[in-house]
J.: 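Have a look at the structure that comes next, please.
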There are 2 protein chains.
Amino acid sequence: MYIHLDFESDTPIYKQLMHQIIAGIAKQELKPGESLPSVRTMAADIGINLHTVNKTYHQLKEKGFILIHRQKGVVINPDGTPKADEIYMLQLKNALYPLVAESVCRGVKEEEFRQLCISLFQEFTQRKDRSK
Amino acid sequence: MYIHLDFESDTPIYKQLMHQIIAGIAKQELKPGESLPSVRTMAADIGINLHTVNKTYHQLKEKGFILIHRQKGVVINPDGTPKADEIYMLQLKNALYPLVAESVCRGVKEEEFRQLCISLFQEFTQRKDRSK
DNA sequence: CTATCTGTTATATGATATTTATAACAGATA
DNA sequence: TATCTGTTATAAATATCATATAACAGATAG
């Protein structure tokens, strides 16, 4: 899995890594049961410290995306990511709130906002070409 | 305008304040040309330091929501908030990206996500009752 | 048995972000 | 002149982010 980090970004790199792994799961590039590189390997691969990777992995574990076995290593949750519950939906709403507020101020129409979301959904859910 | 801060939140309070002012503008509770409390007054009202309010105001100025006059004080941009440009739309897309990714993993359907956005849009754009 | 692989823990350091506290300044205005 | 703006400067406390080294414990491959 290809990881790209922007060290100039104001988004901390442990979060960037987390987002990219989640995106990989969403795109099914990372499948349930699949192994992730060890904290040391991942850290070396992308040129950061192992503790930073460790932080990412633990947050992903906390959210139910992965399992961490002390010796076997890290695997994508074989049962898949836990389904959205009320708490998640509330948290999602709170995250969307300021984005929608600013968009309204800037005259972004509901339709335009919707289209943006749809295009993002498609980016994750569209079938990849496996025929080649 | 009523401001509520959560000091336990991991969202810094200067951002919480920023989001609430933007929400106020979106809801047209704060109208173009309207004054905002001085940094000192606002700080005293909500029980924080004036520099924290100052930081909020400057970020809002940077984004074009407000104007800051050295003596007159702070007013909501009389020309309204600048319209969304390509840069804003890209930034919005980048902000939505991880939210959509996680939602896809958790089985949130596009339709459900859309409904959530619509309900938020309505929260900001619905006409207030001015007949009473 | 030993070397090597896991994640884990501990300790330290440096940089940056957040928030507060005091104080003073400059310009407009009542 | 007193009071109101935002601004600037300095300091300090605290938290977050990221790195660096080192060691530990358990599983496993040779």
Side-chain angles (χ1 to χ4, degrees), chain A residues 1 3-22 30 33-78 95 98, chain B residues 1 3-22 30 33-78 95 98:
Chain A
M1 190 199 185
I3 300 290
H4 174 75
L5 299 178
D6 177 5
F7 292 92
E8 308 304 310
S9 168
D10 55 348
T11 304
I13 59 182
Y14 83 90
K15 261 188 195 169
Q16 291 183 43
L17 178 55
M18 187 172 72
H19 290 160
Q20 286 180 47
I21 291 173
I22 294 173
L30 296 173
E34 189 174 336
S35 284
L36 284 181
S38 76
V39 288
R40 287 178 181 81
T41 305
M42 175 68 92
D45 283 355
I46 59 184
I48 63 173
N49 190 274
L50 90 170
H51 291 110
T52 308
V53 176
N54 201 244
K55 189 169 182 178
T56 298
Y57 282 178
H58 273 88
Q59 301 231 342
L60 288 169
K61 177 193 170 195
E62 212 61 37
K63 287 164 163 279
F65 288 100
I66 64 174
L67 301 182
I68 301 178
H69 296 99
R70 192 170 180 128
Q71 280 83 25
K72 296 182 214 168
V74 176
V75 294
I76 307 297
N77 192 333
Chain B
M1 190 198 186
I3 301 289
H4 174 75
L5 300 178
D6 177 4
F7 292 92
E8 307 305 309
S9 168
D10 54 348
T11 304
I13 59 183
Y14 80 90
K15 264 188 193 166
Q16 291 183 43
L17 178 56
M18 188 171 71
H19 289 161
Q20 287 180 47
I21 292 172
I22 293 173
L30 296 173
E34 189 174 335
S35 285
L36 283 181
S38 75
V39 288
R40 288 178 181 82
T41 305
M42 175 68 92
D45 283 355
I46 59 185
I48 64 174
N49 191 275
L50 91 171
H51 290 110
T52 308
V53 176
N54 200 244
K55 190 170 181 176
T56 299
Y57 281 178
H58 273 88
Q59 300 230 343
L60 288 169
K61 177 193 169 194
E62 213 61 37
K63 288 163 164 276
F65 287 101
I66 65 173
L67 301 181
I68 301 179
H69 296 98
R70 192 169 180 130
Q71 280 82 26
K72 296 181 215 168
V74 175
V75 295
I76 307 296
N77 192 333

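Naming: A, B, ... by sequence-line order, numbering from 1 per chain. For clarity, every value in this text was computed on a predicted model and none was experimentally measured.
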J.: Rounded to the nearest Å, what distance is computed from the CG atom of residue N54(A) to the C1' atom of nucleotide dA23(D)?
T.: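 N54(A) atom CG is separated from dA23(D) atom C1' by 15 Å.
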J.: Take T11(A) and L50(A), find for each the nucleotide of DNA chain D with the closest heavy atom, and name the residue whose nucleotide sits nearer the 5' end.
T.: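 Nearest nucleotide further toward 5': that of T11(A).
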J.: Rounding to an integer number of Å, can you tell me how far Q71(B) CD sits from dA2(D) P?
T.: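 Rounded to whole Å, this separation is 19 Å.
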J.: Atom CD of E8(B) to atom P of dT18(C): distance rounded to whole Å?
T.: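 To the nearest whole Å, that distance equals 17 Å.
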J.: Hey, does the side-chain of R70(A) have a donor or acceptor N/O within less than 3.5 Å of a partner on the base of dT28(D)?
T.: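 There is none.
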J.: Take atom CG of L67(B) and atom P of dT5(D), then tell me their distance rounded to the nearest Å.
T.: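 Going from L67(B) (CG) to dT5(D) (P), I get 17 Å.
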J.: Taking CG from L60(B) and C1' from dG6(D), how many angstroms apart are they, rounded to a whole number?
T.: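 Nearest whole value for this atom pair: 15 Å.
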J.: Check the distance between dT19(C)'s P and L17(B)'s CG and give it to me in whole angstrom.
T.: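 Going from L17(B) (CG) to dT19(C) (P), I get 10 Å.
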J.: Identify whether any heavy atom of Y14(A) sits under 4.0 Å from a base atom; if not, whether one sits that close to sugar-phosphate; answer base, sugar-phosphate or nothing.
T.: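 Sugar-phosphate, backbone atoms only, no base.
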J.: Want to settle it: does V74(B) or P12(A) sit nearer the 5' end of DNA chain D, counting the closest nucleotide to each?
T.: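 Comparing both residues, the 5'-ward one is V74(B).
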J.: If you look only at distance, which donor and acceptor atoms sit under 3.5 Å apart when one is on a side chain in residues 38-46 of chain A and the other is two or more places apart or in another chain?
T.:
residue	atom	partner	partner atom	Å
S38(A)	OG	R40(A)	N	3.4
S38(A)	OG	T41(A)	N	3.1
S38(A)	OG	T41(A)	OG1	2.9

J.: Tell me: CD1 of I48(A) to P of dT16(D), nearest whole Å?
T.: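 Checked: the CD1 to P distance equals 19 Å.
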J.: What nucleic acid atoms does T41(B) come within less than 4.0 Å of, heavy atoms only: base, sugar-phosphate, or nothing?
T.: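 Answer is sugar-phosphate: T41(B) comes under 4.0 Å of backbone atoms only.
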J.: Describe the nucleic acid contact of H51(B) in one word from base, sugar-phosphate, nothing, applying a heavy-atom distance below 4.0 Å.
T.: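 The residue H51(B) makes base contact.
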